Amino acid sequence: MLVLHIYPFGEPRAAKALMPHRIARFTRAALLALATSAGGGAAAQAPPPIEHFFANPEFTGAALSPSARFLAVRLGGPAARQRLAVVDLNDDSIKVVAQFSDTDVGDFHWISEQRLVFNLADQRIGQGDVRFGPGLYAVNRDGGEWRQLADHNIDSLAEPSGRRKLLPWHTFLMGQSGAQDSNSVYVLSRKYDGDGELDYVNLLQLDTVSGIGRPVERPGKTRQWLLDQQGEPRIATTLDGKTATVWYREPASGKWRKLAEFDAYQGGRDGFEPLAFGPDGTFYVRSNMGRDHTAVYAYDLAAKRIVDTPVVSLDGYDFYGSLVSDKNRLLGVHYLSDAEATTWFAPAMQALQKQVDALLPSTVNLITPPLRPETPNLLVLSYSDRQPIRYALFDTEKGSLKQVGERRPAILAAQMGKADLVHYQARDGLPIPAWLTLPAGGKGKDLPLVVLVHDGPYVRGDAWGWNPEVQFLASRGYAVLQPEFRGSTGFGDKHYRAGWKQWGLKMQDDIADGAKWAIAQGIAAPARICIAGTGYGGYATLMGLVKDPELYQCGVNWAGVTDINLLYTGHWSFSSNTSDAWKQYVMPELIGDPLKDAAQLAATSPLQQASRIQRPLLLAYGAADRRVPLYHGTKLRDAVKGSNPDVEWVVYEEEGHGWTLPKNRIDFWSRVEKFLARHIGKP
């Protein structure tokens, strides 16, 4: 049971129980011409088609204007590109304000009641074929004043129609809402060095009508920026080697003042992550202050220190989430524990949440209020373990819900598996959280089991919600176990640090102990277990077949690391961080030093232990993968083929680290389905 501590806003309270179901179906007549309709009916005997899980969703986003009078939506169709439309909620009229014949609308944000900004994201090409930046565009809600602001073509130096030069392709949306009260918006411009590595990030104040961008003076090689409650730049974080420095911009003078300096990768007691400014100007940060779990703290700007008592902390979880404010008040906090949830400080929002939860009693229902509401409309995002994301409008005066769109309307909740957070003990006594999903309508005992290992590995693997890969496997009759092995983040510093330098060792044992737990519980049939994963999960798949061949009947590795030393010597970086910094400051501590730990790295290298991989193996890689390059796969394939006759190999030429194209997702998971059926399917 989760207990959320809120200081000093109220008493601790227990989170609600979450149970899967299908919500009632509501429609808005004006959206039916553009959005997909909801699926319905009883569960069929045959499993759902694979396309239902891995085709691109048609309705992919919605956002209320600052006053909540208008709703922006992003939607497409089976053969249509994603487009941006605006709904006038007074009369349900719709205006498509941005669409392209050769690409898709990507992220979008309201910057005022009148105007939106957006970028592009082509859903029909893989990573290897990307030759364009995201671009940047602005348009009024009625389709007027349409303007391109940043170049989409990486190689282009041309000026459109000879009028003005566009901002360069490396201009990006900031991801913070800002003041939402003018035609201006703050955007980021990334600067790269001669080796193509990120050097620093500029912040530009961009007038979306004139197209003129003015840089904000930065205090050094800035990597992160934070706007204050007025939507103005107030915090900047710079990186010099492994030293992170947090700076505060004085409102009166505009001069930068140093607040703190700490190890960017180790943090320590003084380390923190800037989180947000409250409407009253309070600066909130995320830190653990020497405790096991990170929490939200207020930061004293005058004294340059974190206030000792946390404002928000979660029992058993690190804080991941965001503060929710309107123009005048801090209303509440969104957070992630086992699932996403919200705690409201404002009594009126508490009452509204209860009303929504009563209408949608078995889903997570996330409400984000508009900045300056003038109407009774609230946007609700809902989902469960069995139901993909749906969007609805809640009328606070009538107390009614109307559905406006859903990501995967063909998915029927009755055909989906039930997911639960479970815990088991590793062999050394460390408690391991894990996500267990069982097939719908099954007995729940003596099942074939897929142990699905997450990538990272120093990330949180999953949360309670609908997962297409997991639910696809469950729909085919498999139980799925997703261990949050030591080294996974989100469960405290002790759990995270226990995974340092444990690739192929205790991290691997945690995964095997999860499979053994499932056997002991009667969930898994002992001779019908397969291990699978991508990235680090692919590495763990291979090491599982090396270390525990009696436990696993087969393995599925896609885009998996095959040798730790290749992470140091390869020409592309394993990390999405700056590769040199990652290799110099992070990898020796987290994974192992190539000189000091040479013997350990050899013993835990699937490539060097390839002769021990005797179980059936499916290998899949993207030829354009810059995170785990193709040679990881080809070297392993060549090393095992002499001693293992049952190796299936596939390369997706246009793909990177994971499959972005539906055709490749469908092809890969069709292969997985057939592979599993051969090796751990029906006895």
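Please read these numbers as outputs of a predicted model, since none were measured by experiment.
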Identified side-chain contact (heavy atoms from CB on, under 4.5 Å) counterpart of Phe118 within the set Leu136, Val105, Leu173, Asp107: Val105

Arg69 and Glu374 ion-paired at < 4.0 Å: yes

Side-chain H-bond candidate by donor/acceptor type, Trp344 with Gln353, under 3.5 Å: yes

Non-hydrogen side-chain atoms of Phe668 and Val556 separated by less than 4.5 Å: yes

Residue pair Ser112 / Gln180, side-chain donor-acceptor N/O under 3.5 Å: no

Closest non-hydrogen atom pair, Gln471 against Gly417: OE1-N, 2.7 Å

Sidechain-backbone polar pair: Glu58 side chain, Gly405 backbone, donor-acceptor under 3.5 Å: no

Distance-only side-chain donor-acceptor flag, Trp435 / Glu484, under 3.5 Å: yes

Positive for side chain to side chain donor-acceptor pair (under 3.5 Å) with Tyr652, one of Asp667, Asp625, Thr660: Asp667

Verdict with reasoning, Val209 to Glu145, per side chain to side chain contact (heavy atoms under 4.5 Å, CB included): CA-CA 7 Å; Val209 174; Glu145 292 288 344; 4.0 Å; yes

Salt bridge present between Arg665 and Glu469 (N-O < 4.0 angstrom): no

Short side-chain to backbone donor-acceptor contact, Arg223 and Leu198, under 3.5 Å: yes

Heavy-atom side-chain proximity of Leu676 to Arg476 below 4.5 angstrom: no

Atom of Pro134, atom of Thr171 and distance for their closest heavy-atom approach: CG-O, 4.2 Å

Tyr320/Tyr335 aromatic ring centres below 6.0 Å: no

Taking every non-hydrogen atom, the tightest pair across Thr103 and Leu120: CG2-CD1, 3.8 Å

Aromatic contact, Phe132 with Trp169 (centres under 6.0 Å): no

Which residues share a ring-ring contact (aromatic ring centres under 6.0 Å, His included) with His454, sequence neighbours left out: Phe485

Contact list for residues 358-392, test ring-ring contact (aromatic ring centres under 6.0 Å, His included), sequence neighbours left out: Phe59-Tyr391

Asp385/Met416 under side chain to side chain contact (heavy atoms under 4.5 Å, CB included): CA gap, chis, key distance, verdict: CA-CA 8 Å; Asp385 53 346; Met416 298 296 103; over 6 Å; no

Parallel, tilted or perpendicular: rings of Phe54 and Trp669 (30°, 60°): parallel

Residue pair His334 / Ser322, side-chain donor-acceptor N/O under 3.5 Å: no

Close side-chain approach of Ser65 to Arg141, heavy-atom, < 4.5 Å: no

Side chain to side chain contact (heavy atoms under 4.5 Å, CB included) assessment of Arg386 paired with Lys418: CA-CA 7 Å; Arg386 296 180 176 181; Lys418 184 179 184 296; 3.3 Å; yes

Salt-bridge present (Asp122, Arg81; N to O < 4.0 Å): yes

Greater than 12 external heavy atoms within 6.0 Å of Gln224's CD: no

Where Phe108 and Gly61 come nearest, the two heavy atoms and their spacing: CZ-C, 4.0 Å

Main-chain N/O of Asp142 paired with Asn140 side-chain donor or acceptor, under 3.5 Å: no

Exceeds 12 heavy-atom contacts within 6.0 angstrom, atom CZ of Arg372: yes

Glu340 side-chain N/O to Leu366 backbone N/O, donor-acceptor pair under 3.5 Å: no

Backbone of Ser184 reached by a side-chain donor or acceptor of Asp207 within 3.5 Å: no

